[in-house]
Structure formats: structure tokens, C-alpha cells
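Chain naming here is simple, since letters A, B, ... match the order of the sequence lines and numbering starts at 1 in each. Note that the structure is predicted; figures quoted are calculated from it, not measured.
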Amino acid sequence: MTEKELQRSKSVLPIGTVMRLTELSARQIRYYEEQGLVIPTRTEGNRRLYSLNDIDRLLEIKDYLTEGINMAGIKEIYDQQRKRAAERKEETLTDNDVRQVLHDEFLNISGMERTSGTSLHSQKPLE
DNA sequence: TTTCTGACA
DNA sequence: TGTCAGCA
């Protein structure tokens, strides 16, 4: 399965293609990059190149946004995800594990509503 | 023609 | 976020 992952990690899509695939504006895509949500590679001409994984990422971000989660929340999600990944490095990181984490974090942030500038640490009780 | 950065609303 | 400018 490593072959597949490698291919999915190959950045070959220009932003125009990504725009159509994700239905996001170039503005948004670049902004998400600024936020460190996606890290496209660059061509010699400084053009952004996205991978299939990036598309997935963007689609996921779009989803979270629709769910009413703000940028801070999304950042937290990926931050915690890579944190988990770092911990259980050689550990069995199966797809189920990822889904588990995703589901877990999703429920977690769902409780913080769409307040702005609110971190996961200072959750407010929703009534 | 397409993308890039920076900036203003 | 949209949009415009001025480049490459």
C-alpha cells in the first residue's frame, strides 16, 4: 500500500484544478495554506502543486467549515493528529486508528460551537 | 492564459 | 472572502 500512498503524495495539480475539484476559491486555498492546513510544493516558477492527499485535506477542511468549525478548531485537529502520529510512530497506525482519532476529535470540537478564537482548552458548556 | 503576492474593502 | 493590480 506504500506505492499508493506515494502516488497520492505526488504533487502535480495546479491550483486551477484544485479549485474545480474542491469547489474552493484560489483565495481560500491559498489562505488555508497560510494557516498551515495544506503544504503544496512549488514548481520552478513558484507555482503551487497539490497532491491527491492535499485534495482530500481541502475537502475535509471544507467539510469542517460547513459543520461550523472555525480555522482554530481545524488547526487543532491536524495538530493533534500529527501529535498522535508522532507518538505511535512505529505503532500500528491502521486506517481504523485514524478514523478513531478523527471521530474522537470531531465529537470533541463539536461541543465548542463556532465561537471564534476559542481554543479547545477553554471550552464553554453548551446548553 | 494561469498563477503569484500584496493590499483594500 | 472577493477582487484588483502588476509581474512572471
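- For the pair A:Arg47 and A:Tyr32, both in contact range of DNA chain C, the more 5′-proximal nearest nucleotide belongs to A:Tyr32.
- In terms of modelled atom types and a separation under 3.5 Å, the side chain of A:Lys62 and the main chain of A:Thr22 share a donor-acceptor contact.
- Under a hydrophobic-cluster definition in which Ile, Leu, Val, Met, Phe, Trp and Tyr are linked whenever side-chain heavy atoms come within less than 4.5 Å, directly or via other members, A:Met19 and A:Tyr32 are assigned to the same cluster.
- A:Asp79 contributes no side-chain N or O that, together with a main-chain N or O of A:Glu76, makes up a donor-acceptor pair within less than 3.5 Å.
- The distance between atom CG of A:Leu49 and atom P of B:dT3, rounded to the nearest whole Å, is 11 Å.
- The outermost nucleotides of DNA chain C lying under 4.0 Å from heavy atoms of chain A, listed 5' to 3', are C:dT1 to C:dA8.
- Using a 4.0 Å cut-off on heavy atoms, the residues of residues 10-30 of chain A that approach DNA chain B are A:Pro14, A:Ile15, A:Gly16, A:Arg27, A:Arg30, listed by number.
- A donor-acceptor pair is defined here as one N or O able to donate and one able to accept, closer than 3.5 Å; no such pair exists between the side chain of A:Gln7 and the backbone of A:Lys4.
- No side-chain donor-acceptor contact under 3.5 Å links A:Asp63 and A:Thr66.
- A:Asp56 pairs by the salt bridge (charged side-chain N to carboxylate O under 4.0 Å, His left out) definition with A:Arg8, not counting sequence neighbours.
- Between A:Glu33 atom CD and B:dG6 atom P there is a gap of 12 Å when expressed in whole angstrom units.
- Stem regions for DNA chain B, each three or more consecutive Watson-Crick or G-U pairs with both distances under 3.5 Å and listed by first number, read B:4-9 with C:1-6.
- Residues A:Leu49 and A:Leu37 are members of separate hydrophobic clusters, defined by side-chain heavy-atom contacts under 4.5 angstrom among Ile, Leu, Val, Met, Phe, Trp and Tyr.
- A side-chain donor-acceptor contact under 3.5 Å links A:Ser25 and A:Gln28.
- Rounded to an integer number of Å, the gap from A:Asn46 CG to B:dT3 P is 13 Å.
- Distance CD (A:Glu34) to C1' (B:dA7): 12 Å, rounded to an integer number of Å.
- Judged as a side-chain hydrogen bond (donor to acceptor under 3.5 Å, both in side chains), and not counting sequence neighbours, A:Ser11 has no contacts.
- Checked against side-chain hydrogen bond (donor to acceptor under 3.5 Å, both in side chains), A:Ser9 has the following partners two or more places apart in sequence or in another chain: A:Asn53.
- Rounded to whole Å, atom P of B:dT3 lies 10 Å from atom OH of A:Tyr50.
- If you check the side chains of A:Tyr78 and A:Glu60, you find a donor sitting under 3.5 Å from an acceptor.
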